[in-house]
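Whatever order the structure lists them in is the order used to number ligands and atoms, beginning at 1.
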Amino acid sequence: MSLKLNENNIEEIINSMTLEEKAKLVVGIGMPGFFGNPPSRVQGAAGETHSIPRLGIPSTVMADGPAGVRIDPVREGAKTTYHATAFPIASLLSSAWNREIVREVGAAMGREAREYGVDFLLAPALNIHRNPLCGRNFEYYSEDPLLSGEMAKAFVEGVQSEGVGACLKHFIANNQETNRLTIDIIVSERALREIYLKGFEIALKAKPWTVMSAYNKLNGTYCSQNKRILTDILRNEWKFDGFVMTDWFAGNDPVEQMEAGNDLIMPGKVNQIRAEREDEVQEIIKAVKEGNLNEEILDRNVRNILKIIVKTLSFRGYKPSNKPDLEEHAKIAYEAAVEGMVLLKNEDGTLPLNKDSEVALFGTAQIETIKGGTGSGDTHPRYVVSIVNGLMERGFQIDEDLLKTYKDYIKTMRNKEEYKIREGLFGQPVMPKLPEMDLLKDNMVEEAAERTDVGIIVLGRISGEGCDRKPEKGDFYLSDDEQELIDIVSKAYHVRNKRVVVILNVGGPIEVMSWRDKVDAILLAWQAGQEMGRAVADILSGKVNPSGKLPTTFPKDYWDVPSSKNFPGDPPDDPKKVVYEEGIYVGYRYFDTFDVEPAYEFGYGLSYATFNYENLKLEKDESSIRVSFDIVNIGEVPGKEVAQVYVRAPKGEMEKPFQELKGFVKTKLLNPGERERITVSVDIASLTYFNEKTNKWVLEKGIYEIRVGASSRDIRLSGFIDVRN
Ligand code: BGC
């Protein structure tokens, strides 16, 4: 009987594999559908592993990404469509601070992957928001490693509960897009451990099947060729037992990748885009034959891959239905969207709006609503409910004259060459940003303000893979036409004693100081996926009470951010390296420690209800501190609150941030007057700092302050705990 792979015969299989078969197994089959390669059997998927039919090893399929399964929605000659749900971006998901909803989103994506025949979902992405301008921050969760790690962990649990493998990416310090394939990230060991690695360490508890190494170099060595991070830390220290794959076309030495513990090279056959390089399979075979690569290393990597392959749907012979429950998943996308939108300002109860309000909508993003970012994190849903359509569907009276003017304007502009929708990375569409319409014409705003009860301005920003955002007008700062839009609309409504609301349809922070005082309410709606318009409408009407809080600081000015000094690196026009000079002082760790006031701090977000924090109790045992307190809804409507536990360590040998997030909880929906007793357990081990001199985590002995707050700067309860023995 011929030998076929099963869970118990992996060693036997390895022993009977030829060198060529082993080399093939550690290299992908080439990027499907590009560079002359045939499309994947799941068209639009990002990659596939080699099959070895002789030994019963199937090929497995990998598809992006963090906001939904990215595959082609239509296939030539096929009647069936393959749309996947566009979920909200990761920065919105983390704004929900709700592990359960993130787990549900992960599970829904897992089911879609499974039903479309995808074995591995290339998500979650959990790089730290080091700088607000990283073009892919929308795919990432937070500036804080605990929040990032907890969200990623919940996401992995969700995906893998459906039999699909998740992939933690990009390991590590992939915090910018500029020169991402070659940039050298210089970071101290302490910052690496406490800020950049921490989230991955937390997420690994969910046992992801795979990890993707990052494009960049870390302190001089490509991450995919970095034995220290891939083997010493990931495998030996953290006991990761899945396999590591490269990012697509990462690194420059397949043999070093093999030796470093990068088990799989994706998408394979790099010579198709880089002529100077040989086929990776051949390179590996040659290295073994010439004694430059120990075959045992190759065997080790093959073993790591096979141990996971036996768990995959393809190995188990699962027959995908191509019919995921898109109706059900749309509901989950909506639930996540309403949980993660953040109310930034609400003067005198401007929101919620009266349901019969007549509304004038300004800004092109009301119609061209941005569901998510571009590149591999893009999605192809059946539809996207724009903000205007969502508001209309939910019964708001929208000013039709103004709407028609906007529709005509967009149509005319999109016909112009410079604003045409073009093809970006991986054939994903890219939409150049339109300037806002000149509103001074025809008395348009005055008339609209006369006719309607409230003016709503939608401001949009899109960013994506391959390119960072800019500290310029039209990107981090408002453009002149956007400033003018706010000025004109606010004036027209305010002289009539009417209100103005701004909705931010963005993937990351923008400047708000120059304009926020001119408007009455601001809703950070993020890029909320296909259900965006409905979610915005339900928050505006008060059907849903907003409960999101910021996972990332909104600085007053871009140049207040410490990493702005060296982003995107040195030399700035074509950086070769970036020194993370700010060390551990990323996000609120910097703003709080150095007393710099942000526009909106980490953890901030308003509600239509008001919450009291009461009855703090701290208890300590050998391994943890139990922090218990009550949250009471003293408002007039039901709502959920995100309570955050920060810890301030005693002064000691090492310098430390002012405070750090060590736990969080989102309450259930609390009715007016209702109270919930919350308990957050803080592991004492999580209070340690990394001492570079001894290369060890150390616990500073002394009195710790436990700070329970509604945000990092709105601490409601605090107490002290003695950690001296
Ligand atoms: C991205 C990865 C993605 C891969 C496959 C790369 O360009 O950095 O995040 O998973 O492409 O599409």
Side-chain angles (χ1 to χ4, degrees), residues 27-35 37 39-40 42-49 60-72 84 89-90 109 113 116 118-128 134-141 152 155-156 159 164-183 185 200 208-217 222-224 243-251 262 264-270 272-274 372-380 423-428 430 463-468 507:
V27 178
I29 64 165
M31 190 155 169
F34 288 82
F35 316 113
N37 293 313
S40 166
V42 182
Q43 208 178 296
E48 264 181 52
T49 57
T60 60
V61 176
M62 294 159 177
D64 291 303
V69 181
R70 184 176 64 83
I71 55 173
D72 290 348
I89 57 168
M109 281 193 218
Y116 282 137
V118 172
D119 295 289
F120 298 95
L121 183 73
L122 301 173
L126 64 150
N127 295 98
I128 290 289
C134 169
R136 290 183 87 177
N137 274 353
F138 74 94
E139 292 186 59
Y140 307 147
Y141 295 110
F155 188 90
V156 171
V159 173
V164 167
C167 176
L168 297 187
K169 70 187 189 183
H170 311 88
F171 195 65
I172 192 68
N174 186 173
N175 309 103
Q176 66 181 55
E177 290 301 285
T178 309
N179 288 353
R180 64 179 181 158
L181 288 166
T182 51
I183 194 89
I185 305 298
F200 284 85
W209 292 4
T210 70
V211 166
M212 185 189 290
S213 54
Y215 282 129
N216 50 282
K217 294 175 189 145
Y222 278 110
C223 288
S224 64
F243 70 79
V244 177
M245 69 179 91
T246 61
D247 199 344
W248 269 227
F249 306 110
N262 193 117
L264 175 66
I265 297 174
M266 289 302 292
K269 294 191 179 163
V270 179
Q272 289 165 337
I273 58 161
R274 290 198 194 151
T374 61
S376 64
D378 202 353
T379 46
H380 305 294
E423 226 178 67
L425 203 68
F426 306 132
Q428 304 303 308
V430 172
S463 73
E465 190 173 352
C467 196
D468 286 314

K.L.:
Out of all atoms in ligand 1, which are within 4.0 Å of some heavy atom of Ala46? Include the element for each.
P.N.:
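Result: 5 (C), 12 (O).
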K.L.:
Once rounded to the nearest 0.5 Å, what's the spacing between atom CD of Glu465 and atom CZ of Phe138?
P.N.:
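The CZ atom of Phe138 is 8.0 Å from CD of Glu465, to the nearest 0.5 Å.
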K.L.:
Could you grab the distance from atom CZ of Arg180 to atom CG of Asn175, nearest 0.5 Å is fine?
P.N.:
13.5 Å
K.L.:
So is Glu139 in contact with ligand 1, going by heavy-atom distances below 4.0 Å?
P.N.:
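Judged by the 4.0 Å heavy-atom criterion, Glu139 does not count as contacting ligand 1.
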K.L.:
Could you measure the distance from the OG1 atom of Thr178 to the CG atom of Asp468? Nearest 0.5 Å is fine.
P.N.:
3.5 Å
K.L.:
Do the side-chain N and O atoms of His380 and Asp72 include a donor-acceptor pair separated by under 3.5 angstrom?
P.N.:
no
K.L.:
Which part of Met31 is near ligand 1, with near meaning a heavy atom under 4.0 Å away: side chain, backbone, both or neither?
P.N.:
neither
K.L.:
Atom SG in Cys167, atom CE in Met62: separation rounded to 0.5 Å?
P.N.:
7.5 Å
K.L.:
Need the ligand 1 atom indices (1-based, order shown) with element for anything under 4.0 Å from a heavy-atom of Leu122.
P.N.:
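Per the distance check, 10 (O).
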K.L.:
Would you say Ser224's side chain and Ser213's backbone share a donor-acceptor pair under 3.5 angstrom?
P.N.:
no
K.L.:
Please confirm whether Tyr141 and Phe155 have ring centers closer than 6.0 angstrom.
P.N.:
no
K.L.:
Do Asn216 side-chain atoms and Ala173 backbone N/O form a donor-acceptor pair below 3.5 Å?
P.N.:
yes
K.L.:
At a 4.0 Å cut-off, with the gap strictly under it, does some heavy atom of Arg136 reach an atom of ligand 1?
P.N.:
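True for this residue.
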K.L.:
Just let me know how Lys169 lines up against ligand 1, side chain, backbone, both or neither, with a heavy-atom cut-off below 4.0 Å.
P.N.:
side chain
K.L.:
Which heavy atom of the protein is the closest neighbour of atom 4 (C) of ligand 1, given with residue, atom name and distance?
P.N.:
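Closest protein heavy atom to atom 4 (C) of ligand 1: Asp247 OD1, 3.6 Å.
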K.L.:
Please determine which of Asp247, Asp64, Thr210 meets the side-chain hydrogen bond (donor to acceptor under 3.5 Å, both in side chains) test together with Lys169.
P.N.:
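With Lys169 as partner, side-chain hydrogen bond (donor to acceptor under 3.5 Å, both in side chains) holds for just one option, Asp64.
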K.L.:
With a cutoff of 4.0 Å, is Tyr215 in contact with ligand 1, counting heavy atoms of the residue only?
P.N.:
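Tyr215 counts as a contact of ligand 1 under the 4.0 Å cut-off.
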K.L.:
To the nearest 0.1 Å, how far is atom 1 (C) of ligand 1 from its closest protein heavy atom, and which atom is that?
P.N.:
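Closest protein heavy atom to atom 1 (C) of ligand 1: Glu465 OE2, 3.2 Å.
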K.L.:
Looking only at protein heavy atoms, which one is nearest to atom 10 (O) of ligand 1, and how far off is it?
P.N.:
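Heavy-atom neighbour on the protein nearest atom 10 (O) of ligand 1: Asp64 OD1, 2.6 Å.
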K.L.:
Which of the numbered atoms in ligand 1 are under 4.0 angstrom from any heavy atom belonging to Met212?
P.N.:
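It comes down to these atoms of ligand 1: 10 (O).
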K.L.:
Classify the contact between Arg70 and ligand 1 as side chain, backbone, both or neither, using a heavy-atom distance cut-off of under 4.0 Å.
P.N.:
side chain
K.L.:
Report yes or no: does His170 have a heavy atom closer than 4.0 Å to ligand 1?
P.N.:
yes
K.L.:
Which ligand 1 atoms, with their elements, are less than 4.0 angstrom from a heavy-atom of Arg180?
P.N.:
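Matching atoms, with element in brackets: 7 (O), 8 (O).
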